[in-house]
Amino acid sequence: ADSDDYLEIDYISKMYYSLVDNDVDLVISGYSLIRQDKEVDYSPRKLTGVYRDDDFKEILLEYAKGNPFLYFAWNKLFKRELIIHNNLKYLDRHCAEDMMFNAGYYGIAKSVIVIPDCLYKYTIDNSCSLSNRRRLGYWEDMKLVIEEYQKIYGDDSDLEKKQPVINNLVVVLLRNAFSNYISNEKYSLRESVSYIKKCSEDKDIDLPSLEIIPNSKIDNVILFSLRHRWYMLISLFTRFKAFLKWKFFNVFNIFRKMI
C-alpha cells in the first residue's frame, strides 16, 4: 500500500477467503478514489466472478483495453508460492513496477476471482507523491510493460484474432505517458508537443504498422489524432483533463466514466 492510502477493515479477510474458498491464484477487488474528503467508488461489478484457464486469458484482455483494475498491485492478493517458484520480483525502475510485476504474474497464474468490494482507498491529494510528479523515463518503462504483457499470449491459438485488441495497450500506455508528462508539472506547449511526438514515433513500437481495435471513445480519439499527428490537440486535451482532476474532482470522475 502507498503511505497515504488506507484499507477497509476487512480487506485482508475478504481477499484471503476469496482466494482460499475459490481455489484461485489471484484476487482482484475494487477501489475508491479519494480527494479532498470526496470518495468515488470504482467497482468491477461487470467483471465479478471466477475465471479459469481460457476464460482467465479473456479477462486479461481488459488490461489492454485500459481497465485500471488490472494495473495496480494494491487491490490484489497473490499466491506467495507462485511468486517464489517463478522468481518474480519488482524491478528497480522509474515507475510502473507494479504493472510489470502484474503482467509477469498474469503469465503464470491460471485463475482469478474478481470481487466487487471497494476495499482499497487510493488518495490523490498529495501533490508531492511520486504518482503526481513528472517521471523521466516513464515511456521507456511503459514499453517494458507492453513487452511483458505480450508474452502472456505468445502461444495463444487465437493470437491473430486477439492481437488488434492487445495492441490497444500501446494507445492506453501512450495516454498514461502523456498524462504523466503534461499533467503533473508546469510545461510549455512546445515541450509537451515534442514529447508526444517523440513517444508516438518511437521506432521500437512502430505505431503506424499496428492494427489496433480501440476499446473506448477516448482511445478512438487519441489513436485518430496520433495517426494524423495532431499532437497539439492531444496536449490540450490532456491538460484539460488534468485541470478537471485537480479543480473539479466530481466533474472529472463523471468525465472519466463517460470516456
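All values derive from a computational prediction rather than experimental measurement. Atom set for the values below is all heavy atoms of this structure, side chains included, hydrogens, waters and symmetry mates excluded. Along the sequence shown, the residues carry numbers beginning at 1.
Between Asp155 and Lys57 there is a salt bridge, since at least one side-chain N of the basic residue sits less than 4.0 Å from a carboxylate O of the acidic one.
Here the side chains of Tyr195 and Ile182 are not in contact, with every heavy-atom distance at 4.5 Å or above. Between Pro208 and Asp206 there is a side-chain heavy-atom pair separated by less than 4.5 Å. With a 4.5 Å cut-off on side-chain heavy atoms, Asp55 and Val50 do not count as touching. With a 4.5 Å cut-off on side-chain heavy atoms, Ile34 and Glu39 count as touching. Leu19 has its side chain out of reach of Met15: every pair of non-hydrogen atoms, C-beta onward, lies at least 4.5 Å apart. Proximity of Asn215 to Val165: side-chain heavy atoms (C-beta onward) are nowhere separated by under 4.5 Å. With contacts defined as side-chain heavy-atom distances shorter than 4.5 Å, the pair Arg229/Lys197 does not qualify. Proximity of Leu226 to Glu201: side-chain heavy atoms (C-beta onward) are nowhere separated by under 4.5 Å.
Going from atom CD1 of Ile152 over to atom CG of Leu61 covers 9.5 Å, rounded to the nearest 0.5 Å. Put simply, CD1 on Ile115 and CG on Asn22 are 9.5 Å apart, with the number rounded to the nearest 0.5 Å. With rounding to the nearest 0.5 Å, the separation of CE in Met100 from CD1 in Ile146 is 11.5 Å. Taking CD1 from Ile83 and CZ from Arg80, the interatomic distance works out to 9.0 Å, rounded to the nearest 0.5 Å. The CZ atom of Arg190 sits 13.5 Å away from atom OG of Ser235, with the distance rounded to the nearest 0.5 Å. One finds the CG atom of Leu26 at 9.5 Å from the CG atom of Leu82 (value rounded to the nearest 0.5 Å).
For the 3.5 Å distance criterion, the side chains of Tyr153 and Gln163 fail to qualify, holding no donor opposite an acceptor. In the model, Ser29 has no side-chain atom that pairs as donor or acceptor with a side-chain atom of Asn75 under 3.5 Å.
Between Trp74 and Phe72, the two ring planes are parallel [angle under 30°; tilted spans 30° to 60°]. Ring pair Tyr106/Phe56 is perpendicular by interplanar angle, where above 60° counts as perpendicular and below 30° as parallel. Taking the six-membered ring for Trp and thresholds of 30 and 60 degrees, Tyr63 and Tyr149 have nearly parallel ring planes, at less than 30 degrees apart. In this structure, Phe78 and Phe101 have perpendicular ring planes: the angle between them is above 60°, well past the 30° mark.
Summarising the geometry of Asp202 relative to Glu140, their closest heavy-atom pair is OD2-OE2, 4.3 Å, with the distance given to 0.1 Å. Contact between Asn220 and Pro214 at its shortest, heavy atoms only, is OD1-CG, 3.4 Å. Across Asn102 and Ala73, no two heavy atoms sit closer than the pair ND2-N, 3.8 Å. Nearest heavy atoms, Phe178 versus Cys199: CE2-CB, 4.0 Å. Listed here is the closest heavy atom pair of Ile59 and Leu70: O-CD2, 4.0 Å. Between Asp5 and Lys121, the shortest heavy-atom contact is CB-O, 3.1 Å.
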Check against salt bridge (Lys or Arg N to Asp or Glu O under 4.0 Å), Asp25 and Lys79: CA-CA 6 Å; Asp25 296 331; Lys79 274 189 173 178; 3.4 Å; yes

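Note: the hydrophobic cluster containing Leu233 does not contain Ile222 (ILVMFWY, side chain heavy atoms under 4.5 Å, direct or indirect links).
Ser18 contributes a side-chain N or O that, together with a main-chain N or O of Lys14, makes up a donor-acceptor pair within less than 3.5 Å. A donor-acceptor pair under 3.5 Å is absent between the side-chain atoms of Lys162 and the main chain of Ser157, judged by distance alone. Remark: side-chain polar atoms of Ser179 are not paired, donor with acceptor, to backbone N or O of Arg175 under 3.5 angstrom. Asn86 contributes no side-chain N or O that, together with a main-chain N or O of Leu88, makes up a donor-acceptor pair within less than 3.5 Å. A distance-only check finds a donor-acceptor pair linking the side chain of Ser43 to the backbone of Pro116 [under 3.5 Å]. Although no hydrogens or angles enter the test, the distance criterion places a donor-acceptor pair under 3.5 Å between the side chain of Thr238 and the main chain of Ile234. Between the side chain of His228 and the backbone N or O of Phe224 there is at least one donor-acceptor pair closer than 3.5 Å. The backbone N or O of Leu207 lies less than 3.5 Å from a partner atom in the side chain of Arg227, making a donor-acceptor pair.
By the neighbour-count criterion of 12 heavy atoms within 6.0 Å, atom CD1 of Ile9 is sparsely surrounded, having that number or fewer from other residues, nucleotides or ligands. No more than 12 heavy atoms of other residues, nucleotides or ligands shown are found within 6.0 angstrom of CZ on Arg45. Within 6.0 Å of OH on Tyr17 lie no more than 12 heavy atoms contributed by other residues, nucleotides or ligands. Within a 6.0 Å sphere centred on CG of Asp21, heavy atoms belonging to other residues, nucleotides or ligands number more than 12. For Leu159, the CG atom is densely surrounded, since the number of other residues' heavy atoms within 6.0 Å is greater than 12. Open room surrounds CD on Glu160; 12 or fewer heavy atoms of other groups in view lie less than 6.0 Å from it.
Between Tyr31 and the options Tyr120, Tyr11, Tyr6, Tyr42, a ring-ring contact (aromatic ring centres under 6.0 Å, His included) holds for only Tyr42.
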